[in-house]
Amino acid sequence: MIHLDTAATTPVRREALEAAWPYLTGTFGNPSSHHAVGEAAAAGLEDARARVARVLGARRSDIVFTAGGTEAANLALKGLALASPRGKHLVTSPLEHEAVLASVEHLQRVHGFEVSFVEVAPDGAVTPEALRAVLREDTTLVSLALANNEIGTVADVRTLAEVAHAVGALIHTDAVQAAGWLPLTGLGADALTLSGHKIGAPKGIGVAAIRGRLPLEPLVHGGGQEGGRRSGTENVAFAVALAVALERAEAEREARTARVAPLRDAFLERVLAAREGVLLTGASPHGPGERLPGHASVCIPGLSGESVLLDLAERGVIASSGSACAAGSDEPSHVLTALGIPREVAQTAVRFTLGGDVEEEQLEAAAAAVEQVLALR
Ligand SMILES: Cc1ncc(COP(=O)(O)O)c(C=O)c1O
């Protein structure tokens, strides 16, 4: 099997699992307990927090462990928006992950926030001008992903953060897909969210890195863990696994990017040439920093994306139609339709996302399978 659906999830790295194991067995204490067993677990948790903070260039007190990227985005958005003394205006893009869009929708429906969507370029880019055009004096919070999960387009968050800050707004960036591929420091965001299972940690652990001095309304109330920002006994083992996986992902990032980007380019070239009319979605891979290095997404007008995926799977190639959350639904992707791609074309989407360990021969075999499948019809 050739797994080209890394954006959906990744296997757990051995180092992450080995680091987690003691906290599931011998050092099993509750980190809030005031005895030796609890204190040993608390030390592991705090070490994990310090390691995550170091990778992100943040303070330890900024780091909140959550049950995944979705919860982290919910906490950043609702937590910051509800605690902010500023107005009730939110800005995001129509290309965001459901975790962001649904949180914004909740703030609008239940808490009376107004929402503006920034205009996006046909390749999914958000320009500083487009952001400036929707910001207001009372804008509370901006949320723009560092990299898009469906089309791989990368945002210049550092510049967008400056634009948001110029009117006094806070900015959150969903960095779930960027981790391990793009630098996560120096972005200037007030909140950044991550998910463990995209970088070799288990599913069900995530991080919200939220500047510690900002007021934050918690979503989960209880015993006041995580500095009162997220109650509930912490998942120490998975927090440790996430810290190790994130450190490894960051340490390998430059070499991974340098190795995978040219492999992806060669693969994508064959996919685009496999049939008349195959359309690249998202940014061109040739502009540096504009597209995730392991990401190739296309539409194949005239074919059904789902049947292409089935034919590829029969040949041992695993890809997806876009977001795993939307897989199996007949609705075209909200990302592609927001880019102005007609619904019937958006329904033909196929996304290939490469892992850091992908081999050239695997991509050659996958490209040959794509050529066969696209020639079938
Ligand atoms: C960009 C983005 N944000 C958030 C999430 C949600 O993360 P999790 O699966 O950990 O809830 C995902 C996962 O697909 C994602 O791709």
Side-chain angles (χ1 to χ4, degrees), residues 3-12 16 52 63-79 92-106 120 124 126 143-155 157 171-182 184 187 189 191-210 219-220 230 235 238-239 241-243 245-246 249 281-283 291-292 294-297 318-329 333-336 338 349 351-355:
H3 185 261
L4 301 182
D5 197 14
T6 292
T9 196
T10 59
V12 176
V52 170
I63 306 301
V64 182
F65 288 110
T66 66
T70 297
E71 188 195 320
N74 272 258
L75 178 60
L77 282 157
K78 296 180 198 167
T92 190
S93 94
L95 310 183
E96 300 302 305
H97 189 271
E98 288 78 357
V100 167
L101 292 178
S103 295
V104 164
E105 189 276 331
H106 171 88
V120 292
V126 174
S143 183
L144 294 168
L146 182 49
N148 183 275
N149 55 312
E150 287 190 34
I151 55 170
T153 298
V154 172
V157 168
I171 181 163
H172 158 251
T173 192
D174 174 345
V176 165
Q177 293 293 340
W181 296 106
L182 302 175
L184 299 178
L187 298 172
L192 176 148
T193 49
L194 293 175
S195 169
H197 75 99
K198 310 289 183 176
I199 54 168
K203 294 163 187 63
I205 185 78
V207 165
I210 301 176
L219 303 184
V220 185
R230 197 266 190 184
N235 188 342
F238 283 17
L242 185 146
L246 182 63
T281 54
R291 189 182 182 104
L292 286 176
H295 203 291
S297 53
I318 306 296
S320 80
S321 58
S323 158
C325 311
S329 124
S333 140
H334 71 274
V335 172
L336 299 180
R351 175 187 75 174
F352 303 93
T353 49
L354 284 44

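This structure is a prediction, so every number in the text was calculated from the model and none was measured. Computed over heavy atoms, backbone and side chain alike; hydrogens, waters and symmetry mates excluded. Indexing begins at 1, ligand by ligand and atom by atom, following the structure's order. Counting begins at 1 with the first residue of the sequence.
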Check your understanding: Does Ala147, backbone or side chain, put an N or O under 3.5 Å from an N or O of ligand 1?
Key -> no
Review point. Partners of Thr353 by side-chain hydrogen bond (donor to acceptor under 3.5 Å, both in side chains), sequence neighbours excluded?
Key: none
Review point. Taking the non-hydrogen atoms of Lys198, is any one of them nearer than 4.0 angstrom to ligand 1?
Key: yes
Check your understanding: Can you check whether Asp5 reaches Arg351 side chain to side chain, under 4.5 Å on heavy atoms?
Key -> yes
Point to revise | Element-labelled atoms of ligand 1 that are located less than 4.0 Å from some non-hydrogen atom of Gln177 | key: 1 (C), 15 (C), 16 (O)
Study note, to complete from the structure: Honestly, for Glu71 the part within reach of ligand 1 (heavy atoms, under 4.0 Å) is neither
Practice item. Report yes or no: do Thr153 and Asn148 form a side-chain donor-acceptor pair below 3.5 Å? Key: no
Practice item. Scan Asp174, Leu184, Thr66 and name whichever one has a side-chain contact (heavy atoms from CB on, under 4.5 Å) with Leu194. Key: Leu184
Study note, to complete from the structure: Residue set satisfying ring pair (Phe, Tyr, Trp, His ring centres under 6.0 Å) with Phe352, at least two apart, ordered chain then number -> Phe267
**Study point:** Residue His197 vicinity, atoms of ligand 1 by number, heavy atom under 4.0 Å
**Key:** 8 (P), 9 (O), 10 (O)
Point to revise | Interfacing atoms of ligand 1 (cut-off 4.0 Å, heavy-atom, Thr70) | key: 6 (C), 7 (O), 8 (P), 11 (O)
Point to revise | Ligand-side contact atoms (ligand 1) for residue partner Gly68, heavy atom cut-off under 4.0 Å | key: 10 (O)
Practice item. For Thr173 and Ala189, work out which heavy atoms get closest and say how close. Key: CG2-CB, 4.0 Å
Review point. Hey, which atoms in ligand 1 end up nearer than 4.0 Å to a heavy atom of Ser195?
Key: 7 (O), 8 (P), 10 (O)
